[in-house]
Protein chains: 2
Amino acid sequence: MAASPSGPRRSTVHDVARAAGVSRGTVSRVLNGGYVSEQAREAIHRAISEVGYVPNTAARNLVRQRTQAVGFIVHEPHSLFLEDPNIGGIMLGANTTLSQADYQMVCVVVDTARDTDRVARYLSGGFVDGAVIVSARHQDPISDVVERLRLPVAFVGHPPGISGAWVGIDNRGAAEAVVSRLRETGRRRIGMIAAALDRDSGSDRLAGFRAALGDAFDPALVETVDLYAFADGAAGMTRLLERAPDLDGVFAASDAVAAGAMQALRAAGRRVPEDVGVVGFDDSAWATRTSPQLSTVHQPAEGLGSAAAAAVLAQLDGDQSVRTGILLDAPVVWRDSA
Amino acid sequence: MAASPSGPRRSTVHDVARAAGVSRGTVSRVLNGGYVSEQAREAIHRAISEVGYVPNTAARNLVRQRTQAVGFIVHEPHSLFLEDPNIGGIMLGANTTLSQADYQMVCVVVDTARDTDRVARYLSGGFVDGAVIVSARHQDPISDVVERLRLPVAFVGHPPGISGAWVGIDNRGAAEAVVSRLRETGRRRIGMIAAALDRDSGSDRLAGFRAALGDAFDPALVETVDLYAFADGAAGMTRLLERAPDLDGVFAASDAVAAGAMQALRAAGRRVPEDVGVVGFDDSAWATRTSPQLSTVHQPAEGLGSAAAAAVLAQLDGDQSVRTGILLDAPVVWRDSA
DNA sequence: TTGAAAGCGGTACCAT
DNA sequence: ATGGTACCGCTTTCAA
């Protein structure tokens, strides 16, 4: 049971109080704010560094009835967690904001295949004061739990039917911008490889595509695939090309899909961007690795994580004015593929 | 200050004790093990689910003098954290193992550019019972702190001069295996694009390359680049090709480097694998996205994270028999690029 | 402005 | 086997 590093006992408020010649209460007051004479304050600060005092988190949390932890819930199989170019950035952003506010981020990955309700239990268990929830889906049981618990949360993305705070980008608007520009540059037969229609990001991108085309929209030019993945992009492109050999532009639902599409295009003897213009989505590492480099929509991943964390923090502070929806800017980046 | 979700007060050991008609001590005993009559045990279990009891982590941690948290320290700039194909897997593996043991993983990313000693303080602050440390470097100040604190840790990778437990793969042996096979398949002028020589992984791969070649080793066939990155691979390959136009095989220090090298090779009119055989390292998403698909060394990323976490857990349990070094298997995967 | 004291929710030791 | 009780380190009334 040699759990804690042996060393000398960590010093406590008690030690500080004694060294400064005051009571524990006074020490606590300078730590947390309250009426303290300048003289006492100084003596205490000196004592603190003298005895090397560091507050005990557990004790503080116990009396304050908080855990000082925020969950980062990713509802995604491990493999997708690793593939997704945005999750890492979102996590980093959330972590930065949270730790600056002295909160710990506890990362929980719900491998969809396994039990969702392990997380539900976790959330109910009072292990966290709030949560950032990534890639929730419609009717997600986790969202239900959160609602019942009235736990301060923020979703990244905006699954329909969710009532809590959320932060996202304007997928639909960005898609429209992409397609409009494609048309402006002379593309006339523009197709789309849509993906992940079961989440808002996927369906909104498709909606934007459709809206931008208006009357010119042709359902035959949309190919739908399951995942935002390279292989899906390649397969989708191949099928799309069979149906519409005269196509001269493609909007792919993600960079990975776009990269796959480019591969299929090349295999079919089409040149990018000369014969077919290709645009992706995410501005992930993929975008600058394809040749030609991909035109795409920039996702502010760290910003999303950071904003979601801030929204949770605001609720934790009892801030009533929390906006329930925040849209971050997702500019289109034009490179060489279209 | 409406921090905790309002709702009814959470029930405590006290409530359970009263509902079961026993004392708090007895309740604690069934929770933690000890002599309890079968009768009491049953009554208590019934009472627990009746009142919906969930233990309070803070209180338990306070009395036990532990935090029940383990740090996951990544000493890497944010951008590299996102690029590295292994870190995500390592993290997932560590997280899984840790949470199964009821530990929380607290992720700390040290953006090298900024203060390393913020982490040192964190570690000294008693916020965690132990730590998994990824990508430490030689003479890393963090390693020093850990040593001084005698904090239970495990490193992923094996930076020289580190005395604690570590888990890694046999970079050198894997590199040797790659090069030997390249020779067996008839390659005669084999070059290497070495990277990240400031870490053990990078220098060990180079050492293996050298060892496999023995007398045939030609320093002119080694090109060194800074990072395990695509762009570095492309640039390195270009330079290498200038020096050794007759080269017929390349061992790249990572898949990203290999992908960059393949691009440069193609630009120079060389066919892979006909003219030049290329082998990477990591078996990351890159490997199956290039065409032809990459032959490479498989990194058991989740396994590494999991093993490192287990090593920390073992030390926390006071297990004296912890092996200080664990090597996981990293098999070579032969695909089409060589 | 400050000190004293009462808990926060558990665990563990001590008698019984 | 069980109940009683002291205590973990800190915050927060309440008096003074």
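Throughout, a chain's letter reflects where its sequence line sits, starting with A, and its residues are numbered from 1. Every heavy atom of this structure was used, including side-chain atoms; hydrogens, water molecules and symmetry mates were not.
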Have a look at [X] and say if it touches a base, only the backbone sugar-phosphate, or nothing, with a 4.0 Å heavy-atom cut-off.
{"X": "A:A58", "result": "nothing"}
{"X": "B:V54", "result": "sugar-phosphate"}
{"X": "B:V13", "result": "sugar-phosphate"}
{"X": "B:N32", "result": "sugar-phosphate"}
{"X": "A:V27", "result": "nothing"}
{"X": "A:V63", "result": "base"}

A:R18 and A:E50 ion-paired at < 4.0 Å: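 No, this pair does not count.
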
Quiz item: B:R24 side-chain donor-acceptor pair to D:dG4 base, under 3.5 Å: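 Answer is no: no donor-acceptor pair is held.
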
N/O donor-acceptor pair, side chain A:R29 with base C:dG3, under 3.5 angstrom: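 By the distance-only test, yes, there is a pair.
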
Contact nearer the 5' end of DNA chain C, comparing A:Y35 with A:G25: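 Between the two, 5'-proximity favours A:Y35.
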
Would one find a side-chain N or O of [X] under 4.0 angstrom from OP1 or OP2 of [N]?
{"X": "A:Q65", "N": "D:dT11", "answer": "no"}
{"X": "A:T26", "N": "C:dG3", "answer": "yes"}
{"X": "A:Y53", "N": "D:dC10", "answer": "yes"}
{"X": "A:S28", "N": "D:dT12", "answer": "no"}
{"X": "A:S23", "N": "C:dG3", "answer": "yes"}

Side chain to side chain, B:I169 and B:L327, heavy atoms closer than 4.5 Å: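 Contact flag for B:I169/B:L327 side chains = no.
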
Under 3.5 Å: donor-acceptor pair, side chain of A:N95, backbone of B:C107: yes

Side-chain donor-acceptor contact under 3.5 Å, A:N32 with A:S28: yes

